[in-house]
Amino acid sequence: MTPHESLRAALVQAAARIGASAADVALERPRDAAHGDVATNLALLLAKQLGQKPRAVAERLVAALELPAGLIRKTDIAGPGFINFFLADAQVVGALPAILAAGPDYGRSDAGHGAPVNVEFVSANPTGPLHVGHGRQAALGDAIAALLEWTGWRVSREFYYNDAGGQIMNLALSVQARVRQARGLPAEIPEQGYQGDYIRELAERYVAEHPRDLEGADVEAVRRFAVRELRAEQDRDLQAFGVTFDVYYLESSLYTDGKVDETMRRLVAAGHVYERDGALWLKTTDFGDDKDRVMKKSAEKGSDYTYFVPDVAYHVTKWERGFRHAINVQGADHHGTVARVRIGLQALEMGIPPEYPEYVLHQMVTVMRGGEAAKLSKRAGSYVTVGELVEEVGRDAVRYFYLMRRGETHFVFDVDLAKSQTDENPVFYVQMAHARMTGIFRVAGRDPASVRADGIDLTVLTQPEEAELIKELADFPAMIAGAAAAREPHRITGYLEGLARLAHAWYHKYRVLGEPEEAARLVLARAVRQVLANGLTLLGIRAPDRM
RNA sequence: GCGCCAGUAGCUCAGCUGGAUAGAGCGUCGGCCUCCGGAGCCGAAGGUCCCGCGUUCGAAUCGCGGCUGGCGCACCA
C-alpha cells in the first residue's frame, strides 16, 4: 500500500465514524511545502452534508483518524478547513527503492487493462509533402499513443490515406499539366490544382520512368505514380521523425471492398435518406446538425460520393475491427467533420455510442522565419516540410517543441529559435540534467544499473532539496496517468522541466562522490536519471549520456 | 449570422478538471566558476488572470452576456 492509499482508507473510515459518507477522497500535493506533503479538502466537502462548519468537521475528522504507525509525522488543519499531512521521513525516501526496482517501467500502470484502442493521426492526403501542421499532429498523436501504452492500453497507430476522390484527381491533372508543358504542349494546371515545385519534379520523374507516355496521356498512370511517390516521401519524413504506424488504411480500399456501398445501403435502410435536386441527402438535422448533408452527388456533378460516406464507412470499420475506443487526432480546421462523422454513425443505428470516435483537435501552426510568419499554402507550394524541419533543427528538439504546448493553443514555431540550438531550448535543459546524472556514475566508474537501494540507509537524505526531489519523482506515475486520461502530453514536458530544475539545483549544491551520503545519493541520482529517461523516452526523445 | 478554440508578467506559455499568497522560461537588473560538465546555480523587479454579472465556504478554472484574435460553416476533402 502506498502512503496515499493508506491515507485515503483511513480518511474514509474516519468519515464514517463521524457519521458522514465519503466515497471519493481527493488527495493533492499542496503547492506550498508549508502545507505539508499531502492535503485533503474532505472536511470542506463534508461540511454541507453534516451541516457543520468546515473547520469543526476537520477537527472531528482528525480526532477520529486512525493512522498506521510511521506514516505521518504531523497533521495540521489550515485555512478554511484543509487537513494537511506531513509524511514521516522514512516514507519519503521509501519511494526510491520502488523506482529502481521498476526501472524503465516506472510510471507504467494498467488503467486500460489491455483493451484495444485505435489512435488515428497525421492522415495527410497524398497530395504533397508533410508540412509543419502534420508535424504537430505526428508528435501529438505519437505521444498520446505512447501515453496510452504506458497506462495499459493495447494501441494501434493508424494512418488513413485519402487516396480517392476529387483532390487526388486534382493532383493527377496538375502533374499531367506539367508533363505536357515540359513537352511544349498547351496545358494549364486546374484552377484548384497544385502549384508547388514538387509537382514539376514529379512530372519529370514520371516522364523518365514512363518512356511510352511522354505526354502524360494516361492520367490513371499519372495518378498512381504521383500517389505512390508522395506516399513514399511522407513515409521518409515520418521515419526521420521516428513515427511509425501499425496500420495504413486506404480510402480507395473502402470502395474496392464494397464498404462504401454497404454503408450507403445501411443508411438507406435506417431511413434517414432522401433525394433532392438529383442528389442523395442524409437527414443529419434529425441528429442535431444545422443542415442536411449530401451523401451522393447529382448526375450533373458526377454522381460520386462526397467525403461523408467513405468517412462514415471508415469509422464503421474501426468499430467492426473491435476498437471500442478510437481517438482521432486532427487539426482544428477539421472540427466541422466531428459532428458529421458521429451523426453518420448514429444514423446507422448499429449501437455505436454517440461520442464515438473521440477527437483530439489541435490548433494551427504558424511558422516564423526571419521574424515574420511564412505563408503556408499547399496549393501555392510554399511551406516548410517536416523533413526540412527535422534536418535543420534535429528530431529531439522538433518533437519537444511540438509537445511543450497544449494542443488547443495556436502554436508559433520559430524556426530560427529552434535552429539556434542554444540555451533557450528547453529540451537541452532536460537532456543536460540526464547527462549530468549519468556523469556522476561515469566519474565514479560505475554502471548506474549496478546501484541498488537494498541495504543502503536512505534516511541520510535529509536535505530539503532531496526531500523535494524524491517527492517529485514519486509524483511521476500519477502525472503520467493524468496526462494519459486528459490526452495532454504537454504535462510531461512541464513535469520534466520541473524535475530537471530540481535536479540541477541539487547537483549544484551537494556533491555525491566522496561524501558520507555517497551511497544514498547514488541511489537518488540513479532514480532521477531513470525518471528523466522514462519521460523523454515516452515522448520519443533521446536521453543522452553526454551532450 | 451560427459553431469550435484561445485571451494569465515586456515576450512565449503553465496552472494537475473549483482550493490556500496565480507560477516557469526568455528578456531586464544583481550575485556565484580550484568542484561529479557554468548548455548550470542563487536572488530581485515585473499581474485589472480581456470586461461585466452570477453560482458558493472558496472562481484564472463553472454558468450567462459582451469584446478581441484564430479556424470552420460546399453536390472540396
Side-chain angles (χ1 to χ4, degrees), chain A residues 26 28-32 34-35 39 41 44-45 47-48 53-55 78-82 84 125 127 162 164-168 170 192 251 276-281 290-291 293-308 310-311 331-339 361-364 366 404-412 414 417 421-426 428-429 431-433 435-444 475 478-479 482-483 485-486 488 490-491 493-495 497-498 501 504-515 518 521-522 525 546-547:
Chain A
E28 59 174 25
R29 174 144 164 235
R31 265 184 215 296
D32 188 343
H35 294 139
N41 62 354
L44 295 163
L45 299 178
K48 183 172 277 181
K53 287 184 177 172
R55 283 199 74 110
F82 292 101
N84 296 332
N125 292 356
T127 53
N162 293 105
Q167 293 302 331
I168 296 299
N170 243 336
Q192 294 293 310
E251 181 189 7
R276 192 180 75 203
D277 304 332
L280 277 182
W281 297 70
D290 51 356
K291 54 186 148 187
R293 303 292 161 177
V294 172
M295 299 195 299
K296 193 169 185 177
K297 300 178 194 174
S298 57
E300 62 207 59
K301 299 274 187 179
S303 297
D304 293 324
Y305 292 109
T306 65
Y307 75 97
F308 177 79
D311 258 14
D333 54 340
H334 287 84
H335 85 262
T337 68
V338 173
L361 299 179
H362 65 83
Q363 294 294 315
M364 301 292 95
T366 304
M404 59 194 267
R405 304 269 152 80
R406 272 159 62 231
E408 293 84 6
T409 59
H410 187 99
F411 177 50
V412 179
D414 188 330
L417 177 71
Q421 301 209 4
T422 64
D423 50 355
E424 288 157 348
N425 199 328
F428 293 129
Y429 184 82
Q431 289 181 319
M432 182 64 192
R436 274 188 148 166
M437 293 301 117
T438 309
I440 297 171
F441 296 94
R442 187 165 51 241
V443 170
D475 275 349
M479 184 279 299
E488 290 185 349
H490 78 276
R491 292 192 194 183
T493 59
Y495 171 89
E497 282 166 51
R501 192 171 307 116
H504 281 303
W506 173 71
Y507 176 92
H508 186 263
K509 189 162 177 182
Y510 305 103
R511 283 186 61 82
V512 173
L513 303 179
E515 300 295 310
E518 175 176 314
R521 284 186 177 158
L522 280 172
R546 49 199 332 161
M547 299 295 285

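Throughout, protein chains are lettered first and strands after them, A, B, ... in sequence-line order, and every chain is numbered starting at 1.
- At whole-Å resolution of the value, CG in L44(A) and P in A20(B) are 12 Å apart.
- Counting atom types as modelled, H410(A) pairs no side-chain N or O with a base atom of G70(B) as donor and acceptor under 3.5 Å.
- Of the candidate nucleotides A6(B), G37(B), C71(B), A6(B) has the atom lying nearest to any side-chain atom of T409(A).
- With its ring centre under 5.5 Å from that of the base six-membered ring and a plane angle below 30°, H35(A) counts as stacked on A20(B).
- Here A39(B) presents its C1' atom at 6 Å from CE of M432(A), a figure rounded to the nearest Å.
- Residue A78(A) places its side chain closer to A20(B) than to any other of A77(B), A20(B), G37(B).
- A donor and an acceptor atom sit less than 3.5 Å apart, one in the side chain of S298(A) and one in the base of C75(B).
- For H335(A) against G3(B), a side-chain-to-base donor-acceptor contact under 3.5 Å is present.
- Residue-level contact check: G439(A) touches the backbone only, with heavy atoms under 4.0 Å from sugar-phosphate atoms and none from bases.
- Checking side-chain atoms of R521(A) against main-chain N and O of R511(A) turns up a donor-acceptor pair under 3.5 Å.
- Using a 4.0 Å heavy-atom criterion, one finds that A47(A) contacts no nucleic acid atom at all.
- For A20(B), the base is stacked against the aromatic ring of F82(A), per a cut-off of 5.5 Å between centres and 30° between planes.
- Of the candidates Q431(A), H504(A), H508(A), R436(A) forms a side-chain hydrogen bond (donor to acceptor under 3.5 Å, both in side chains) with just one, namely H504(A).
- The side chain of K291(A) contributes an N or O atom lying less than 4.0 Å from OP1 or OP2 of A74(B).
- In terms of phosphate contacts, H490(A) brings a side-chain nitrogen or oxygen within less than 4.0 Å of OP1 or OP2 of G15(B).
- Going from atom CD of E408(A) over to atom C1' of C4(B) covers 11 Å, rounded to whole Å.
- R511(A) comes within 4.0 angstrom of a base, heavy atoms only.
- Remark: Y495(A) is not in phosphate contact with A24(B), judged by side-chain N or O atoms under 4.0 Å from OP1 or OP2.
- If you take CG of D277(A) and P of A74(B), they are 15 Å apart, rounded to a whole angstrom.
- Taking only side-chain atoms of W281(A), from C-beta outward, the nucleotide of C75(B), C41(B), C16(B) with the closest atom is C75(B).
- With hydrogens and angles disregarded, no donor-acceptor distance shorter than 3.5 Å links the side chain of D277(A) to the backbone of A279(A).
- Nucleic acid contact for P80(A): base, since at least one base atom lies under 4.0 Å from a heavy atom of the residue.
- Nearest nucleotide to the side chain of R442(A), out of A24(B), G37(B), A20(B): G37(B).
- Residue-level contact check: N41(A) touches the bases, meaning some heavy atom is under 4.0 Å from a base atom.
- In this entry the distance linking CZ of R436(A) with C1' of C35(B) reads 11 Å, nearest Å.
- For A6(B), one of the phosphate oxygens OP1 or OP2 lies less than 4.0 angstrom from a side-chain nitrogen or oxygen of R406(A).
- As judged by a 4.0 angstrom heavy-atom cut-off over every strand, Y429(A) is placed among residues touching the sugar-phosphate backbone only.
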